[in-house]
Amino acid sequence: MAKTLSDLIPTHGDRAGLATTLKNALDYDQLTNCMRCGFCLPACPTFRETGFEAESPRGRIALMKAVADGLMDPDEAFETQMNHCLGCRACEPACPADVKYGQLLEQARDSVEKHTTTHRWWVKAARKTAFEGMFPHQNRMRLLGGALQMYQRTGLRKLVRGAGLMKLFPQHMRDMEAILPDASYKGVVEQIGAFHPAKGERIATVGLFRGCIMDVLFTATNKNTVELLNEAGFDVVIPETQNCCGALHAHSGEQDGAKALAKRNIAAFKAAGVDWIASNAGGCGALLVEYDHLLHDDPQWKDDARWFAKRSVDVGKLLVEHGRLRTVARAAVAAGAGAMIGGSGATPASAQVSGGHGAPSGGCGGSCSGGVGFASDEKVRITYQDSCHLRNVMRSSEAPRKLMRSVANAEFVELAEADRCCGSAGIYNLTQPQMAGRILDHKMEHVKRTGAHYLLTSNPGCLLQMKNGIEKHGMGGRMEALHLVDFLHDRICAKD
Amino acid sequence: MLQEAVAGKLRAIVGAQWFKDDPESLITHSYDGTPMLQSLPDGVVYPEHTAHVSAILKVLQEHRVPVVSRGSGTNLCGGTVPVQGGVVMVMHRMNRILQVDLENLTATVQPGLNTKAFITHVESLGLFYPPDPSSMAISTIGGNIAECSGGLRGLKYGTTKDYVIGLEAVLASGEIIRTGGKLMKDVAGYDLTKLLVGSEGTLAVITEATLKLVPPPKTKKTMLAMYKDLYGAARTVSKIIENRIIPATLEFLDNPTIRVVDDFAKLGLPLDMDAILLIEQDGEAEMVDRDIERIAEICRSENAERVSIAADEAEALKLLTARRSAFTALARLRPTTILEDATVPRSKIADMVLAINEIAKRHGVTICTFGHAGDGNLHPTATTDARDADEIHRVEEAFAEIFEAAIALGGTITGEHGVGLVKAPFLEWKVGAAGIAVMQGIKQAFDPNNILNPGKMFAKSARKRVVLSRG
């Protein structure tokens with residue numbers, strides 16, 4: 001019997017325990033399904049940045065399999081490598097064998113978290129606070145939003161910045177602090193209520209998944225989502241007992257936490273009796289459509305989880321495929337250049353979208369204040385950065401483009417490598433600032449070349465990262481990053 | 001483990017961060033695109049230029065350490081699995097296009113250059129580099145040269161060997177040789193350029209290549225023909241060539257493949273067809289139209305059940321879907337996919353496909369066949385499970401018989417994947433004992449101490465695929 005690598009590495013700490021946990025957790029069928037053809041390599045951002053096989057999906061799966069096969073001990077480098085992956089899952093559409101890389105990654109990270117000895121005490125404390133104390137509780141998230149709002153609106157931020165206190169934080173944290181949008185103490189339900197009827201004939205009832213971060217940092221986007229959905233013919237309900245989707249938990253190796261959150265969401269939306277569950281954050285939506293996988297071994301919940309997953313959809317796709325929405329500015333309607341998109345249930349009466357909103361014109365409902373200052377019907381150039389999870393997991397890349405192409409007075413230009421991760425990747429830009437920075441720099445070179453006025457995205461993490469990139473590369477004032485929903489709302493609903 | 005003296009010298013040459021011997025690096029360089037093969041190296045080194053390669057080889061030669069040079073590790077013959085350990089030399093850092101010479105229509109590139117990136121660059125200059133292995137999105141020019149990669153355009157445009165006209169390579173001794181050049185004619189001595197193309201890293205490490213470029217075709221047209229009779233399809237292939245038409249692409253799917261593809265892509269393909277031919281012609285518009293018309297006539301005269309000609313690019317894409325989905329559909333069928341490349345004279349395609357189907361049936365295994373009918377290069381593909389030892393054994397027996405059948409029909413054991421580890425036991429069947437002796441003599445002349453990719457090309461006798469692990 002030949003010697004294996006594990007003979008060469010001293011086993012210490014909880015490595016043996018971790019090896020056992022990994023062996024049990026990793027789906028060996030999936031590990032076997034990887035035939036090592038290498039087609040995933042060009043799709044992988046970390047492989048492209050480093051050129052190292054270990055930094056590729058094929059390499060990471062080989063490492064997992066080596067651990068499962070007892071060929072290698074899960075050492076610190078193994079842990080580091082698992083955390084180095086962005087989890088963008090661009091490798092999945094590229095895979096001929098349909099290997100569920102995202103699931104393998106989560107199984108690996110979950111195992112690592114159970115045994116990790118590398119977190120310092122304060123990382124542990126922060127994780128515990130965030131994953132157990134904050135995200136699962138929307139009211140606490142709002143309190144946090146309130147605190148952030150106070151920090152931003154009172155003189156406190158000025159004081160902190162003036163006193164140079166931000167210098168205590170590393171550069172990438174300072175960059176993020178600088179571009180955080182104004183937080184809101186009141187979420188979308190507190191501001192506008194939980195039920196909003198469709199305009200014209202009702203096509204279906206949509207439950208809005210408001211998202212925990214979305215509802216604190218991008219409350220206006222949630223409000224705009226509701227109005228867009230109403231405009232397109234959907235009743236919208238916002239079940240109040242819903243909570244965080246659990247994506248940050250799942251991607252950070254906290255499977256149990258993710259499962260508990262999923263169950264509460266399933267119960268909330270089942271009780272609301274919705275036809276669709278719409279999300280406006282690709283990162284959340286990608287987990288919502290995989291609740292069936294998350295709870296597949298829970299006999300009590302698996303059927304309801306399947307019900308939930310089947311109904312979950314990104315707001316863009318819902319608008320394009322089932323809604324009736326005239327995504328044109330009024331000027332273009334007058335000129336007879338109106339374009340109808342989707343339209344599966346369009347009726348002449350409901351095709352009238354302009355009028356009756358009473359929203360202030362010449363702005364975008366406050367959500368894009370302080371931007372590049374275009375009126376709602378002025379000719380602009382727009383471009384789009386895909387949300388990886390929207391594209392690679394929810395497999396929706398055409399719908400947002402269809403929407404953007406149909407907006408009057410907006411010239412859509414494709415961003416080179418829009419399908420590549422921007423480096424945001426959940427909290428990756430905070431945990432792996434170096435790699436995230438390299439990826440962002442390459443991204444912004446392409447962004448610069450589009451000459452766009454608006455850089456649109458479909459996920460809060462990407463949006464913050466793009467805002468960060470625009471600032472970092474000195475393009476503020478010429479270009480603004482916006483959520484696709486806010487741009488559409490500005491061009492369609494916020495007209496008198 | 002490498003002697004510390006060797007590791008230290010390699011670090012001194014390339015810098016500490018470009019030599020790795022941690023478990024993570026060793027595991028991730030223990031395999032390539034070939035199923036069921038794994039063997040750990042003792043170190044991984046990333047040279048930046050030819051002088052690095054030369055210095056590295058001098059050290060490894062001195063200490064008699066095996067070395068496997070590789071690009072992206074996508075080959076299907078076990079060509080870059082370090083079966084005798086030693087050092088894996090990854091060429092990714094040497095990835096520059098050194099020159100595109102528009103007067104001579106040549107490009108000079110480094111081996112680690114990504115094939116697709118190269119093709120894209122060349123096309124942006126209005127030129128054409130035809131070799132298009134399906135791995136080109138990730139494979140490298142160096143890897144393509146080492147394996148003499150083919151692709152879909154082989155019939156009309158040839159394969160990698162037809163485009164490599166000059167090389168710089170480092171011998172096992174560390175000496176640097178240059179062969180050929182920007183020359184369309186060159187008979188100065190033995191043709192070392194052609195010898196190194198397809199030598200699978202066993203003779204030298206390629207560090208630079210001069211490639212021939214051609215003007216791109218102006219237009220392209222795509223068509224599809226379906227047959228209930230395999231021989232009708234096969235006769236169509238021969239007849240097209242007989243009629244002095246060389247299509248750019250002439251691809252083939254057999255019935256088991258059609259079933260799998262239809263089930264996967266829901267294309268509504270008629271499942272009672274024994275064969276589908278996908279045909280493309282490129283060139284001047286007038287000639288393309290004339291050829292496609294003539295080919296359609298031939299298809300009909302050979303009793304094709306259905307002939308469809310794409311009116312535009314969107315329709316062409318639809319017709320291409322069946323062929324393009326073949327690999328993906330097969331890969332998803334079972335956990336393990338073994339893709340071989342037995343090749344026969346194109347007039348023998350029908351006989352070969354029937355032989356494959358009969359052999360598969362007899363051994364109770366699933367083998368679907370698709371491939372490049374125009375050059376007789378078939379891809380019998382077994383879908384199986386590496387964990388089922390008994391089935392794997394039957395698959396191996398079946399493939400041995402398939403290679404035998406190919407040779408009996410005047411064919412070869414491998415058309416474009418290479419010999420490597422997987423087909424080494426069968427090489428003698430094709431080239432004979434004397435052929436092996438000549439090849440071994442060549443190997444001896446280039447690499448007297450057998451440090452360059454040892455264990456490949458020449459086997460003792462075993463023909464069983466094994467999962468290897470060594471320390």
Side-chain angles (χ1 to χ4, degrees), chain A residues 1-9 27-44 47-48 50-67 69-82 84 91 93-99, chain B residues 1 20-40 44 46 70-76 88 90 92-93 95 112 114 116-117 134-139 264 325-339 385-387 467-471:
Chain A
M1 181 63 198
K3 236 183 355 170
T4 69
L5 251 191
S6 41
D7 302 325
L8 309 174
I9 307 159
D27 182 340
Y28 203 81
D29 283 337
Q30 293 296 335
L31 292 175
T32 313
N33 281 348
C34 172
M35 54 185 174
R36 295 173 171 167
C37 65
F39 285 17
C40 54
L41 270 66
C44 177
F47 176 74
R48 290 224 324 178
T50 63
F52 292 134
E53 175 81 20
E55 298 262 7
S56 76
R58 178 173 71 170
R60 293 190 179 104
I61 289 176
L63 293 172
M64 293 180 209
K65 188 160 188 291
V67 170
D69 287 342
L71 204 62
M72 171 186 164
D73 266 351
D75 56 2
E76 215 174 300
F78 176 85
E79 269 184 44
T80 307
Q81 193 46 262
M82 294 305 126
H84 230 207
C91 46
C95 176
D98 197 24
V99 175
Chain B
M1 286 286 276
K20 291 171 181 274
D21 56 0
D22 57 306
E24 182 181 277
S25 300
L26 303 187
I27 288 286
T28 54
H29 292 84
S30 63
Y31 53 80
D32 56 24
T34 321
M36 298 184 293
L37 292 178
Q38 185 162 26
S39 176
L40 292 168
V44 184
Y46 302 80
R70 66 166 245 181
S72 298
T74 56
N75 77 85
L76 296 168
V88 169
V90 181
H92 274 164
R93 290 175 78 201
N95 60 2
N114 172 248
K116 180 135 182 246
S134 15
S135 59
M136 69 181 183
I138 185 58
S139 63
F264 166 70
S325 321
F327 181 57
T328 303
L330 290 169
R332 291 178 186 210
L333 210 56
R334 299 277 306 278
T336 307
T337 309
I338 304 178
L339 181 70
D385 190 331
R387 294 165 290 187
V467 180
L468 298 158
S469 76
R470 60 173 298 287

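Sequence lines set the chain letters: A, B, ... in the order given, protein chains first and strands last, and positions in each chain run from 1. In what follows, every heavy atom counts, from backbone to side chain, and hydrogens, waters and symmetry copies are set aside.
For a residue to count as touching a neighbouring chain, one of its non-hydrogen atoms must lie under 4.5 Å from one of that chain's; by this rule B/Asn75 does not touch chain A. Looking at A/Cys34, neither its backbone nor its side chain comes within 4.5 Å of chain B, counting heavy atoms on both sides. Neither the backbone nor the side chain of B/Lys116 comes within contact range of chain A; no heavy atom of the residue lies under 4.5 Å from a heavy atom of that chain. Proximity to chain A is absent for every atom of B/Arg93, based on heavy atoms less than 4.5 angstrom apart. At a 4.5 Å heavy-atom cutoff, B/Ser25 makes no contact with chain A through either its backbone or its side chain.
Each of A/Asp29, A/Leu41, A/Leu63 has some count of heavy-atom pairs under 4.5 Å with chain B, and the biggest count is that of A/Leu63. With chain A as partner, the option from B/Ser325, B/Gly33, B/Pro335 having the largest number of non-hydrogen pairs under 4.5 angstrom is B/Pro335. When B/Lys20, B/His29, B/Arg334 are compared by the number of non-hydrogen pairs under 4.5 Å with chain A, B/Lys20 comes out ahead. In terms of heavy-atom pairs under 4.5 Å with chain A, the best-connected choice from B/Val90, B/Leu333, B/Thr336, B/Asp32 is B/Asp32.
Note that CZ of A/Phe52 and CD of A/Gln81 are 10.5 Å apart. Values are rounded to the nearest 0.5 Å.
Look at B/Asp385 and B/Arg387 and you find a salt bridge, because one of the NZ, NE, NH1 or NH2 atoms lies within 4.0 Å of a carboxylate O, short of that distance.
With contacts defined as side-chain heavy-atom distances shorter than 4.5 Å, the pair A/Pro42/B/Asn114 does not qualify. Using a 4.5 Å cut-off on side-chain heavy atoms (C-beta onward), B/Ile338 and B/Met36 make contact. You'll find the side chain of B/Gln38 reaches within 4.5 Å of the side chain of A/Leu71, heavy atoms only.
Screening residues 58-67 of chain A for salt bridge (charged side-chain N to carboxylate O under 4.0 Å, His left out), with sequence neighbours left out, gives A/Glu53-A/Arg58, A/Glu55-A/Arg60, A/Lys65-A/Asp69.
Checked against side chain to side chain contact (heavy atoms under 4.5 Å, CB included), A/Pro96 has the following partners two or more places apart in sequence or in another chain: A/Met35, A/Cys37, A/Phe39, B/Phe327, B/Thr328, B/Ala331.
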